[in-house]
Undergrad: 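Below is the structure I would like to discuss, written out as structure tokens.
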Amino acid sequence: MTVTNHVLLQGLISGIEAGVDNNFRANQPLTYLKIQECINVLTYLRPGLHNWFSRMNSLQRINLKDFMECHYQDNLPLEQLAQASGRSLSTFRRDFLKVFGTTPGKWLLTKRLEEAYVLIKEKKIKPSEFLLDLGFESFSHFSRSFKAYFGIQPSILLKESIVK
């Protein structure tokens, strides 16, 4: 099945070429979004491809535990995590509960908080230096969640670990 030249396809290719020409190395979330954009453009231009992509996606279900251990820091919506793991959102949630015994949101928050604790206590790194890399969107959300989970504010933990 061929896809005829179309302005949407030209735009997609131009964006990819610009990145390649400038030696841009995309991170995984950006690469995933570009792949999704490509699939969306192709299925828009050739609706028959939708069934083919759906079949390929269902065959590509990957190990959820390994996938989440690699991607818990990515600040992506659950829908995108589900798609990247080769699952629908409902299947992702169902499989997640079986594998981890909790919801994706709770697991992600716990995993990120536990890593933050190690970074503060053992490596003595200020939260402002790692928040975005760890997938947190704001300091206030992080600070509230950290205190609720560990019973201590991150700033106090940092002071205590520096003194010791």
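Fair warning: this is a prediction, and the values are worked out from it, not measured in the lab.
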Undergrad: Give a yes or no answer on whether the side chain of Asn63 reaches the backbone of Lys65 with a donor-acceptor pair at less than 3.5 Å.
TA: yes
Undergrad: Do the side chains of Asp74 and His71 get nearer than 4.5 Å, heavy atoms only?
TA: yes
Undergrad: Is Val99 linked to Phe96 within one hydrophobic cluster, defined over Ile, Leu, Val, Met, Phe, Trp and Tyr using a side-chain heavy-atom separation of less than 4.5 Å?
TA: yes
Undergrad: So does Phe92 get a backbone contact from the side chain of Arg94, meaning a donor-acceptor N/O pair under 3.5 Å?
TA: no
Undergrad: If two hydrophobic side chains count as joined below 4.5 Å and joins carry through other members, does Phe130 share a cluster with Ile152?
TA: yes
Undergrad: Please lay out, stage by stage, how Gln10 and Asn5 fare under the test side-chain contact (heavy atoms from CB on, under 4.5 Å).
TA: CA-CA 7 Å; Gln10 290 171 355; Asn5 198 3; 3.0 Å; yes
Undergrad: Show, in sequence, the C-alpha distance, side-chain angles and deciding distance for Glu69 and Lys111, and conclude whether the side-chain contact (heavy atoms from CB on, under 4.5 Å) test is met.
TA: CA-CA 9 Å; Glu69 289 294 333; Lys111 184 79 171 164; 3.0 Å; yes
Undergrad: As an exercise, state the distance from CZ of Arg93 to OG of Ser88, rounded to the nearest 0.5 Å.
TA: 10.0 Å
Undergrad: Do Asp133 and Gln73 touch side chain to side chain, with heavy atoms closer than 4.5 Å?
TA: no
Undergrad: Would you check if Ser145 and Leu109 make a side-chain contact, meaning some heavy-atom pair closer than 4.5 Å?
TA: yes
Undergrad: Phe146 versus Gln153: any side-chain heavy-atom pair under 4.5 Å?
TA: no
Undergrad: Taking the side chain as every heavy atom from C-beta outward, state whether Ser143 and Lys147 have any atom pair closer than 4.5 Å.
TA: no
Undergrad: Among residues at least two apart in sequence or on other chains, which ones pass side-chain contact (heavy atoms from CB on, under 4.5 Å) with Tyr149?
TA: Thr110, Leu113, Glu114
Undergrad: Should Leu132 and Tyr117 be counted in the same cluster of Ile, Leu, Val, Met, Phe, Trp and Tyr side chains packed under 4.5 Å apart?
TA: no
Undergrad: Any ion pair linking Glu160 and Lys121 (charged N to carboxylate O, less than 4.0 Å)?
TA: no
Undergrad: Any sub-3.5 Å donor-acceptor pair from Arg112's side-chain atoms to Trp107's backbone N or O?
TA: no
Undergrad: Applying the 4.5 Å side-chain criterion to the ILVMFWY set and letting contacts propagate, would Phe139 and Ile156 be lumped into a single cluster?
TA: yes
Undergrad: Could you measure the distance from the CG atom of Leu157 to the CD1 atom of Ile120? Nearest 0.5 Å is fine.
TA: 5.5 Å
Undergrad: Report yes or no: does Thr43 contribute a side-chain atom to a donor-acceptor pair with the main-chain N or O of Ile39 at less than 3.5 Å?
TA: yes
Undergrad: Is there a side-chain contact between Phe100 and Met68, using heavy atoms and a 4.5 Å cut-off?
TA: yes
Undergrad: What's the separation between atom CD in Gln83 and atom CG in Leu81, rounded to the nearest 0.5 Å?
TA: 10.0 Å
Undergrad: side-chain contact (heavy atoms from CB on, under 4.5 Å), that's the test. Do Leu108 and Thr103 meet it? Break it down for me.
TA: CA-CA 9 Å; Leu108 284 167; Thr103 65; over 6 Å; no
Undergrad: How are the rings of Phe136 and Phe142 set to each other: parallel, tilted or perpendicular (split at 30° and 60°)?
TA: perpendicular
Undergrad: Say you draw a straight line from OG of Ser85 to CG of Asp66; how long is it, rounded to the nearest 0.5 Å?
TA: 12.0 Å
Undergrad: Could you measure the distance from the SG atom of Cys38 to the CG atom of Leu8? Nearest 0.5 Å is fine.
TA: 11.5 Å
Undergrad: Tell me, do Glu137 and Asn75 make a side-chain contact under 4.5 Å, heavy atoms counted?
TA: yes
Undergrad: Look at the side-chain heavy atoms of Ile, Leu, Val, Met, Phe, Trp and Tyr, link any pair under 4.5 Å apart, and say whether Leu89 and Leu97 land in one connected group.
TA: no
Undergrad: Checking side-chain contact (heavy atoms from CB on, under 4.5 Å) for the pair His6/Val41: CA distance, chi angles, key distance, verdict?
TA: CA-CA 10 Å; His6 191 277; Val41 167; over 6 Å; no
Undergrad: May I ask you to test the Ile162-Leu158 pair for a side-chain heavy-atom distance under 4.5 Å?
TA: yes
